[in-house]
Amino acid sequence: PDHRQIRNSADNSPLQIFVKAKKKINDIFGEIEDYVKDSVHYMQDLQKEPNILDKDAVTKTEEYVRKVHGIRDVLARDHMKVAFFGRTSNGKSTVINAMLRDKILPSGIGHTTNCFLQVEGSPNDEAYLVLEGTTDHCAVESVGQLAHALCKEKLSESQLVKVYWPKNRCLLLRDDVVFVDSPGVDVTPNLDEWIDLHCLDADVFVLVANAESTLMVTEKNFFHKVSTRLSKPNIFILNNRWDASANEPEFLDQVRRQHQERAIDFLVKELKVCTAKEAEERIFFISAKEALLARIAEQGNTSPSMALAEGFQNRYFEFQDFERKFEECISKSAVKTKFEQHSQRGKFITNELREALDAIYNDAQKLRDDKLLQRKELHNKVNYTEQQLMVITQEMKQKIHNIVEDVEQRVSKALNE
Ligand code: GDP
């Protein structure tokens, strides 16, 4: 597919709900940050004048700068996370590889995933892995190297290895989807620890089941535990290895119906995580191996290296259908769980800031009114004094006049006498 086609399909992808929301909320927080900084500068200027601002209001606003900055940091790292679980060899790594359109994770015999593997987009378009608790980057160019690097380390099954893969090689990674592959649920007694360490922030869980057998108690148990810790987790069930059914076409419909009914019962009646109608959109019959082969062939513009079993097209369509429903679900869920909190905080901060500025405005208004009143009182006093002075002066004048007249009279009287 040429570049334009890839870009078009990327822009139509439901993942864009998350990508666009992330950009928007980032922009909004950028504006909030400017607004908070402006307010701080304004307050610091005001503080130079005595009696206008109390110190606490300024300190409080300065703290918002740090808070908003913190939120922007978290936002930049926010992503959509999908975690894959199931029994060993059901095909978890193969499903992830098919979605990533490349053999990134080692799969198959001898490559049992014995730790948690997280695949995410590399910030610098280089491929490397980082072991949990270290900062060393170990460069990897191929699956072979990755498998080798993983075998070399003594890893415990709850440990996490982060695989950073170039974003330009995969749209899902570019759009901030993070994949987590787990050791088989059949091999561990540490399910609780797994859930605490790796599952609580997952937006979507994918149970990779084996269509050649029924859901196992261990698989069910794990999801029972998950649903006690998280309210209504988003769970998809992939009945993988559905290509095996091509060998027995006469039982195909019957087997499918049976798996479907059990899976619906599991989600609806046992876990109570969704309605029967929703469950229909969460259960798929696929062949990850075929999907991976087809995708690798598509990219190399060749035909698959292996003959594909009867019914391949239908299974491949169903795989693509799964991907679309998955993308819709994960991006909506991530927007809700991740951005709802941020927007509440953003609202809280802007409200607090508005109240602080309103308070300054009101105080300033009050100060002005007080001064006006003082001035008026002073004015009145001056007026009164002036009037008094006038009265007094008038009286004095009169008195002096009288005295002068009196003296004149006396003098002229004296002169006459
Ligand atoms: P994991 O342990 O769950 O990660 O399983 P893997 O992805 O490593 O797969 C185990 C083996 O099953 C590998 O040899 C895969 O090639 C094979 N496999 C995976 N998916 C399918 C499938 O859909 N059909 C068939 N026939 N084989 C598959």
Side-chain angles (χ1 to χ4, degrees), residues 82-119 142-144 146-151 155 157-161 163 179-188 191 194 198 205-213 215-216 218-220 222-223 235-249 251-252 255-256 259 263 283-297 304-323 326:
V82 51
F84 294 79
F85 293 93
R87 286 168 53 82
T88 317
S89 292
N90 278 3
K92 295 177 294 293
S93 312
T94 313
V95 171
I96 296 175
N97 285 339
M99 292 175 82
L100 296 173
R101 296 165 181 266
D102 204 345
K103 280 189 184 166
I104 297 175
L105 299 181
S107 81
I109 299 163
H111 288 142
T112 318
T113 317
N114 51 7
C115 63
F116 276 81
L117 274 175
Q118 176 166 314
V119 187
S142 63
V143 197
L146 178 64
H148 185 70
L150 292 175
C151 283
L155 294 165
E157 55 177 39
S158 294
Q159 227 175 340
L160 180 74
V161 175
V163 181
F179 291 79
V180 175
D181 192 7
S182 61
V185 283
D186 45 329
V187 300
T188 182
L191 294 180
W194 280 15
H198 307 293
F205 295 85
V206 178
L207 165 58
V208 181
N210 185 349
E212 291 165 299
S213 67
L215 277 184
M216 303 273 174
T218 43
E219 290 166 322
K220 288 186 165 188
F222 175 75
F223 284 94
I235 303 170
F236 283 81
I237 298 179
L238 296 182
N239 294 285
N240 193 33
R241 296 171 171 272
W242 191 231
D243 51 316
S245 68
N247 302 330
E248 294 163 271
F251 300 119
L252 195 104
V255 172
R256 183 175 173 129
H259 279 316
I283 298 158
F284 298 88
F285 291 79
I286 57 145
S287 166
K289 189 175 175 179
E290 286 176 345
L292 177 61
L293 283 172
R295 290 215 156 139
I296 289 172
S305 57
M306 194 184 77
L308 297 168
E310 179 77 26
F312 156 75
Q313 268 312 333
N314 284 341
R315 289 188 291 273
Y316 191 36
F317 280 142
E318 195 153 342
F319 188 82
Q320 289 166 320
D321 190 27
F322 152 68
E323 287 180 309
F326 155 79

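Remember, it's 1-based here, ligands and their atoms both numbered in the order they're listed. We're numbering straight along the sequence, starting at 1.
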Contacts of Arg101 meeting side chain to side chain contact (heavy atoms under 4.5 Å, CB included) (sequence neighbours excluded), chain-then-number -> Arg295, Glu298, Gln299

* Asked: Counting both backbone and side chain atoms, is some N or O of Gly91 under 3.5 Å from an N or O of ligand 1?
  -> yes

Is the shortest heavy-atom distance from the side chain of Trp194 to the side chain of Val185 under 4.5 Å? yes

Original post:
Can you find a heavy atom in the side chain of Asn90 that is under 4.5 Å from one in the side chain of Asn240?
Top reply: no

Closest heavy-atom pair, Glu219 versus Val208, reported as atoms and distance to 0.1 Å, is OE2-O, 4.0 Å

Checking heavy-atom distances from atom 28 (C) of ligand 1 to each of Glu290, Lys289, Arg315, the winner is Lys289

Under 3.5 Å, N or O to N or O, is Ser93 touching ligand 1 that way? yes

Does ligand 1 have an atom under 4.0 Å from some heavy atom of Ser89?
yes

The atoms of ligand 1 lying under 4.0 Å from a heavy atom of Lys92, numbered in the order shown, are 1 (P), 2 (O), 3 (O), 4 (O), 5 (O), 7 (O)

>> Yes or no: does Val208 have any heavy atom under 4.0 Å from an atom of ligand 1?
In response: no

Residues at least two apart in sequence or cross-chain that pass salt bridge (Lys or Arg N to Asp or Glu O under 4.0 Å) with Asp102, listed by chain then number, are none

- request: Would you check whether Asp181 has a nitrogen or oxygen atom less than 3.5 angstrom from a nitrogen or oxygen atom of ligand 1?
  value: no

One finds that the ligand 1 atoms under 4.0 Å from a non-hydrogen atom of Ser287 are 22 (C), 23 (O), 24 (N)

So His259 and Phe285, would you call those rings parallel, tilted or perpendicular, with 30° and 60° as cut-offs? tilted

Exactly one candidate in Phe236, Trp242, Phe326, Phe319 meets side-chain contact (heavy atoms from CB on, under 4.5 Å) with Phe284; the answer is Phe236

Contact region, Asp243 to ligand 1, non-hydrogen atoms below 4.0 Å, reads side chain

message: Any nitrogen or oxygen of Ala288, side chain or backbone, less than 3.5 Å from one on ligand 1?
response: yes

